[in-house]
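Throughout, numbering of the chain's residues begins at 1 and tracks the sequence.
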Amino acid sequence: MAPGWHYKTAISSTINQYFFIHLTMTKHLFVAIIIATLSAFSSAYADESIQSRRIALRDSILGTVTGATVGEHTVSITDFGAKGDGVSDCCKAFEKAMRKADRTPGGIKITVPEGTYFMRGPLTLTSNVCIDLAEGATLKFDPDPSRYPLVNTSWEGTFLYNYSPMIYGYGLENVAITGKGTIDGNAMSTFATWKKLQKAGQKLSRDMNHSAMDISSRVFGDGFWLRPQLLQLYQCKGVTLEGVKIINSPFWCVHLLKSENIICRSLRYDAKLINNDGIDPECSRNILIEDIHFDNGDDNIAIKSGRDNDGWTHGSPTENIVIRNCHFKGLHAVVIGSEMSGGVRNIVIEDCDYAGYCKRGIYVKTNPDRGGFVENIFVNNCTFGDVEDLFYVTSMYAGEGLDNNRFSTIRGIYVDGLRCDKASAAALVVQGTIEKPVSDVVLSHVEAGEAKIGVSFSNTTGVMMNDCHIGGTAGVPTQVTAKDRIFDR
């Protein structure tokens, strides 16, 4: 758009030009041209307005996110008795280091030198601490469930008491985990085998959720088979997670619960156990996720805000997230839902690509059990290879809750630049409900080289497509030739 261009000026100029054309044409033709012209300018202005809103939202979020601030005082974990021999229990050393952080004004940085540091229980964080894992350093956790006491946590969107996450922080400020080392959940022999056993515990947790049972009475743990997260920060402010590699998680890898002012940067994943989501922001706000190299056995980023009654009453919206320059590989790249009953809004996803196969690119999922809302979502300049579905928005996730009336509001999703080489199922899917259609979706510059189904929109209103090419780009139309056999048909 040229500097100084203004859509009102342009429209006025165009109308003046058409006034003279009107002298030599019919009234109806003149009106049709005016409408077409106004529509074209309106579309151009709308595109410019959407981009301006995306940039303003992104910059506003970035202006609030600082991550952790931790003092300069540095100690080595070996000063507290830790041995990187892969056998000695290092829990006591970290407990001593945490106490020192509590006593030191501004906190401390705890360096972890090269070696394998075995943890026979959880690492429970305190405020004002940075754990810096040197290249070649590994925190390796004991897979024995009895080592993990019950703590206040949540599980699949329901608040309850369950096994402590392997790294756990509650109600903290200024917490960082950095460096080029590795966090190894070591969960292959125990926790990773539990999914087939969890059904009864899962159902009980949801029944307690739906009946609004007091959280203090929701006590799980032994015999319920609900796997803990690898790293959970609950009601924390000022968080930085940067550089480390994450492997062998018992469940979700990084769970950001009711927390804010968070930077996740340059994390690396090789986490392919059951339900190894990469990053799960839940009921959290003001987050920057950038330059992450995902390789996960489930969703790369799953944005949530509590499930059903807990989302409506105990949760809060997840909002103000910038996701940029990430490299996706795993089940789905960026998911919103399905535990999103507290609502999700103000999400910017931009300049991302893929490091391998993803089943779906951008995926919004809810159903009439969830309620809540999804709104003000911006996707800009994201590229995938082969996918099953490129862009999928559904209010009928898993076919559940169709006899319920907690319809979700989904509106204001703006895509500009979304591409894949091939969509084996569908390129663009938007599914609302009759009672509450999905509204105000703008899809611009979407390209799918191949797609079994190009476009499937159901129960929608205000969906617009601009410069989209599904199955390739059409060229100049062919001219008639003898091969067309027009008169032989």
Side-chain angles (χ1 to χ4, degrees), residues 46-47 49-62 64 157 256 258 260 280-289 301-308 311-312 315-324 332-350 360-380 382 391-397 401 405-416 418 428-444 446 457-465:
D47 287 346
S49 174
I50 289 170
Q51 293 309 314
S52 297
R53 287 162 52 200
R54 174 182 62 83
I55 293 168
L57 175 62
R58 179 197 66 198
D59 293 349
S60 174
I61 296 169
L62 295 177
T64 67
L256 307 171
K258 285 195 169 185
E260 61 183 279
D280 292 74
E282 183 168 14
C283 305
S284 292
R285 61 199 299 265
N286 300 337
I287 303 171
L288 170 61
I289 300 172
I301 300 172
I303 301 171
K304 304 173 181 292
S305 61
R307 183 184 182 95
D308 303 346
W312 308 323
S316 56
T318 294
E319 59 188 354
N320 307 338
I321 301 178
V322 173
I323 300 167
R324 64 183 183 183
H332 306 127
V334 180
V335 179
I336 297 174
S338 69
E339 303 95 337
M340 39 62 69
S341 300
V344 175
R345 63 188 171 208
N346 300 340
I347 311 296
V348 178
I349 308 162
E350 61 184 18
R360 292 192 178 92
I362 307 299
Y363 190 18
V364 178
K365 54 182 183 178
T366 181
N367 60 45
D369 279 340
R370 294 289 97 85
F373 59 84
V374 175
E375 60 187 17
N376 220 31
I377 312 298
F378 295 85
V379 179
N380 182 256
C382 293
F391 176 85
Y392 206 119
V393 176
T394 181
S395 296
M396 299 181 291
Y397 173 64
N405 60 1
R406 290 279 188 172
F407 302 107
S408 303
T409 298
I410 304 177
R411 65 188 177 196
I413 301 178
Y414 310 101
V415 176
D416 189 356
L418 179 62
L428 300 173
V429 180
V430 182
Q431 299 170 337
T433 59
I434 294 173
E435 294 80 1
K436 187 161 284 189
V438 175
S439 64
D440 303 323
V441 178
V442 179
L443 301 162
S444 300
V446 177
F457 297 160
S458 307
N459 298 314
T460 64
T461 179
V463 178
M464 296 177 57
M465 296 179 67

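- Applying the side chain to side chain donor-acceptor pair (under 3.5 Å) test to T409 and every residue at least two apart in sequence or in another chain returns K436.
- No side-chain heavy atom of V364 sits under 4.5 Å from any side-chain heavy atom of I303.
- With S341 contributing its side chain and R307 its backbone, the two residues share no donor-acceptor pair below 3.5 Å.
- Taking the ring centre of F378 as origin, the terminal cationic atom of R54 falls outside the region bounded by 6.0 Å and 45° from the ring axis.
- The side-chain tip of R406 points at the ring of W312 from less than 6.0 angstrom away and within 45° of straight on.
- With Y414 as the aromatic partner, R53 meets the cation-pi criteria of under 6.0 angstrom to the ring centre and within 45 degrees of the ring axis.
- Under the 3.5 Å distance criterion, the side-chain polar atoms of K304 are matched with a main-chain donor or acceptor of G337.
- Side chains of V442 and V415 form no contact here, defined as non-hydrogen atoms less than 4.5 Å apart.
- No side-chain heavy atom of S338 sits under 4.5 Å from any side-chain heavy atom of T366.
- The distance from atom OG of S408 to atom CD1 of I336, rounded to the nearest 0.5 Å, is 11.5 Å.
- Of the possible polar contacts, one joining the T64 side chain to the I61 backbone as a donor-acceptor pair under 3.5 Å is found.
- Here D280 pairs with nothing under the side chain to side chain donor-acceptor pair (under 3.5 Å) rule; sequence neighbours left out.
- Scored by the ring-ring contact (aromatic ring centres under 6.0 Å, His included) test, F391 finds no partners at all (sequence neighbours excluded).
- Checking side-chain atoms of S284 against main-chain N and O of L256 turns up a donor-acceptor pair under 3.5 Å.
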